[in-house]
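Below is one structure, written out as structure tokens; the observations come after it.
Reckoned from all heavy atoms, side chains included, excluding hydrogens, waters and symmetry mates.
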Amino acid sequence: MNNNRRSFMRTAGATVLGAAAVSRVAAASLPEAVIQTSPQMQPPVAPTTGRPYNPVVTLNGWSLPWRMNDGVKEFHIVAEPVVREIAPGMKANLWGYNGSSPGPTIEAVEGDRVRLFVTNKLPEETSIHWHGILLPSGMDGVTGLSQPPIKPGKTFVYEFVLQRSGTFMYHPHADEMTQMAMGMMGMFIVHPKDPRQYKVDRDFVFLLNAYDIDPGSFTPKVNTMLDFNLWTINSRAFPGVDPLVARTGDRVRIRIGNLTMTNHPIHMHGPHFEVVGTDGGWVPKGARWPEVTTDVAVGQMRAIEFDALAGDWALHCHKSHHTMNAMGHQVPTFIGVDQRGIADKVRALIPDYMVMGEKGMAEMGEMEMPIPDNTLPMMTGTGPFGAIGMGGMFTVVKVRDDVQPGVYKDPGWYKHPAQTVAYEYTGELAAPARVSAPKADSQTLQVRKPGATSSGHEGH
């Protein structure tokens, strides 16, 4: 076991899982399967064997150790049921890899020959597709088309040479709807041969994924097509998502993969960024384009880069219902409805009943109200000025002048310089200018409710 593995196992509290359903001779040749169940981000570990590279940081995740065997980089991946903490107060029964969902990030270098042992500890057959990676057809991982299924208890081997650097993913291509809805996915980062190429100061990685888990239950509904109620970053919902910590002036890269059932326009406040990588690889410098929002479609990857600017900057999906937790899709709109009379009658039957929504939903971010077991409030998280009123696919890029290289610890809330925070105005206000509405004339459309003389609509 190389020093890189020893270091990781000490810092991550990992354990070793024996591979089942293979012979003793074969088991002896397998790399150890490192298991990590903590939802806390593990610091990046620089490689001590193989080609050098600049490691990535996986939000609320980790990178899978390997061993070198006659010049081949060997990994052991275990597909298995896992328990994932979506955010403090809620856990889910998912399927993943090596104890976590998403599974660990796989990191290797352009030109590496990799050998990936995949052991199936699920109750059904599976496979792994290496999404976006150039490889022989027989290593592509599509059950029935390019390989037999990996039956429960069996171990398969994938082996190929990594032909180009970039940001890729892995996921099953067997009962894909169920297995991906249960959380089976991970990132695969291929670094350039020259560590100086595309080098940045901080390189963050995460997947966008979604679940439909009823309040009080623990297992996702796998047949949901679009109406998910938990939109997550690496299977974590805000405020359980790690912040992205950087030093002022750092060149920061964020790699985003999307394995949900819809697109996500990812928007970052503060510094503008460039799109530097897509599914097809790196974007040449002359072809990069500036954005503050980049749309990541289903099955796509995007890499963005920016120069870090001091402050706390929101990073989130700009589909507004994707920054909500455990939301119901059949909740009626009560804006402008006076509920006081009915509320008194309901409280006679349900003493804890609370009126919601007649003035909008912002109050949901501030109220502490009873919720069912094992679920999350719709809007949660508290900042230095009160309730943030966000959940789901939301986190914060925290940039400080004094962050040290290699340190990713949450620095707390930003201390704004004097006179740089919006404030309440209490002086006199002039009457606001308004556009006057045009008067009705003979061309104005007239609408009336059908009356007793109408045909077929009486009494409506």
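- Rounded to the nearest 0.5 angstrom, L230 CG and I86 CD1 are separated by 6.5 Å.
- A side-chain donor from one of S235 and N209 sits under 3.5 Å from a side-chain acceptor of the other.
- A cation-pi geometry, defined here as NZ or CZ lying under 6.0 Å from the six-membered ring centre and within 45° of its normal, holds between K398 and W413.
- Judged by distance alone, with hydrogens and angles left aside, the side-chain atoms of E107 form a donor-acceptor pair with the main-chain N or O of V56 at under 3.5 Å.
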Anything under 3.5 Å between a donor and an acceptor, one on a side chain of residues 213-220, the other on a protein residue two or more places apart or in another chain? List them.
from: D214; atom 1: OD1; to: K221; atom 2: NZ; distance (Å): 3.2
from: S217; atom 1: OG; to: D214; atom 2: N; distance (Å): 3.3
from: S217; atom 1: OG; to: D214; atom 2: O; distance (Å): 2.6

Open item on the list: Walk me through whether F117 and F156 qualify under ring-ring contact (aromatic ring centres under 6.0 Å, His included).
Closed with: CA-CA 6 Å; F117 297 85; F156 271 45; over 10 Å; no

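- Side-chain atoms of R253 come within 3.5 Å of backbone atoms of Y198 as a donor-acceptor pair (strictly under, hydrogens ignored).
- At least one cation-pi condition fails for R288 and F273: the charged atom is not both under 6.0 angstrom from the six-membered ring centre and inside a 45 degree cone around its axis.
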Open item on the list: Let's go through H316 and H269 carefully: what are the C-alpha distance in whole Å and the side-chain angles of both, what is the deciding distance for ring-ring contact (aromatic ring centres under 6.0 Å, His included) to 0.1 Å, and is it a yes or a no?
Closed with: CA-CA 9 Å; H316 60 95; H269 299 207; 5.2 Å; yes

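- A donor-acceptor pair is defined here as one N or O able to donate and one able to accept, closer than 3.5 Å; such a pair exists between the side chain of T420 and the backbone of P417.
- Classified by interplanar angle (parallel below 30°, tilted 30° to 60°, perpendicular above 60°), the ring pair H129/H171 is perpendicular.
- No donor-acceptor pair under 3.5 Å is formed between the side chain of T224 and the backbone N or O of L226.
- Under the salt bridge (charged side-chain N to carboxylate O under 4.0 Å, His left out) criterion, the residue pairs touching residues 84-99 are E85-R236, with sequence neighbours excluded.
- The aromatic ring centroids of W130 and F168 lie 6.0 Å or more from each other.
- Shown are F238, F228, F394, W231; of these, the ring pair (Phe, Tyr, Trp, His ring centres under 6.0 Å) with H322 is made only by W231.
- For the residue pair N234 / N60, no side-chain donor-acceptor distance below 3.5 Å is found, with atom types taken as modelled.
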